[in-house]
Amino acid sequence: MSKTEVLPHQADRGGPRQPLILAQNLKKHFPVRSGLLNRQTATVHAVDGVSFEVRKGETLGIVGESGCGKSTTARLLIGLTELDDGSVIFDGDILGSDISLKEMRRSVQMVFQDSYASLNPRLTIADSIAFGPKVQGLSDPKDRARDLMARVGLDPNRFAHRYPHELSGGQRQRVNIARALAMSPRLVILDEAVSALDKSVEAQVLNLLTELRKEFGLTYVFISHDLNVVRYISDRVLVMYLGEVVEVGPVEAIYAKQAHPYTVSLFAAMPSMDPDNRTEEPPLAGDPPNPIDPPSGCRFHTRCRFAEHVCRDKPPTLATFGENPDHLAACHLRDPSSGHSLAGKEVAA
Ligand code: SF4
């Protein structure tokens, strides 16, 4: 595939300093019915005022417990789920205004966890990869598919005419990666894309993703619950809790010293073979609160052992932590400008 062949809206227009994605105050609330005869309606606060940027050429890891809003955030970025509020700006263009959903979905591709469900069982592997380019009217879709198969480690002579059920999970995920690349995207969102693979296959696919990012000049958003995998592949990490961002920063800064008590607890549960890396922090206890009725103030206060009155009354905002201006955390304990001193309750990390 020619790496110079780009689609409209896919050239780098704003230069390297302009974020590829600027997500501003994203909100998504889902109505749910409950009670007798399903007459009561309630609202799940899936994503509640999430703002962040994805820089060109980086891998941004998004972590958090299941139900924290990681996948909904990814779907909002690409327009697969409609925003209730907020905006997504792609390389300077506002989604839905300057850039259409159709163009956005071409520039941003997703790879999901379930490699089988992502493929049409009636299409051969080559036809699956060629489908998108063919619909877009790109030249030589079949040749493009065969080139990409070779690039993701699948011999086109052996695999082009096979069907998804004839492949292993790792091979199917390689097909899904090739399908994403066939659209010449600028951003690929990997939503738990390696979580279902065996550890040895997972390592091979992670290495492949790293090579492809360099080769095709891609940017990744990598969603995972596996902190070791996120550390391996990411440049920066964003931590979500109950629909909000609680910490964001460079991977080396966050893995060296977590700022937010939630992140500290999350990392305490991370398995480590290195005794020097083990933490004395207790792992997170209990389940997250109901997203239908999230706690007031800091949403983590019901599980935080450092919580004080201020935490119940006032939501913390993201503030710089430590010496790296890129490392931010939303915690009264960490924000000297909050006016509330929780001094003496230092979080061990
Ligand atoms: Fe804990 Fe308060 Fe910080 Fe929230 S703001 S994480 S409750 S110390």
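Heads up: numbering here begins at 1 and tracks the sequence. When a ligand or atom number is given, it counts from 1 through the structure's own listing order. The basis for the numbers below is simple: all heavy atoms, side chains too, and nothing from hydrogens, waters or symmetry mates.
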> Numbering the atoms of ligand 1 from 1, which are under 4.0 Å from a heavy atom of His332?
3 (Fe), 5 (S)

> Under 2.8 Å from atom 1 (Fe) of ligand 1, can any N, O or S atom of Cys304 be found?
yes

> Is Arg162 positioned over the aromatic face of Phe159, cation under 6.0 angstrom from the ring centre and no more than 45 degrees off axis?
yes

> For ligand 1, which atoms sit closer than 4.0 Å to a heavy atom of His301?
7 (S)

> I'd like to know if Asp48 and Lys28 make a salt bridge, using a cut-off of under 4.0 Å between side-chain N and carboxylate O.
no

> Which heavy-atom pair separates Glu53 from Arg55 by the least distance, and what is that distance?
OE2-NE, 2.7 Å

> Just by distance, with hydrogens left out, do Asp191 and Gln113 show a side-chain donor and acceptor under 3.5 Å apart?
no

> I want to confirm something. Looking only at heavy atoms, which of Pro261, Cys331, Cys311 is nearest to atom 2 (Fe) of ligand 1?
Cys311

> With under 30° as parallel and over 60° as perpendicular, where do the rings of Tyr262 and His260 fit, or are they tilted in between?
perpendicular

> N/O/S atom of Cys298 under 2.8 Å from atom 4 (Fe) of ligand 1, yes or no?
yes

> For His260, take its heavy atoms, then give the atoms of ligand 1 lying under 4.0 Å from any of them.
6 (S)

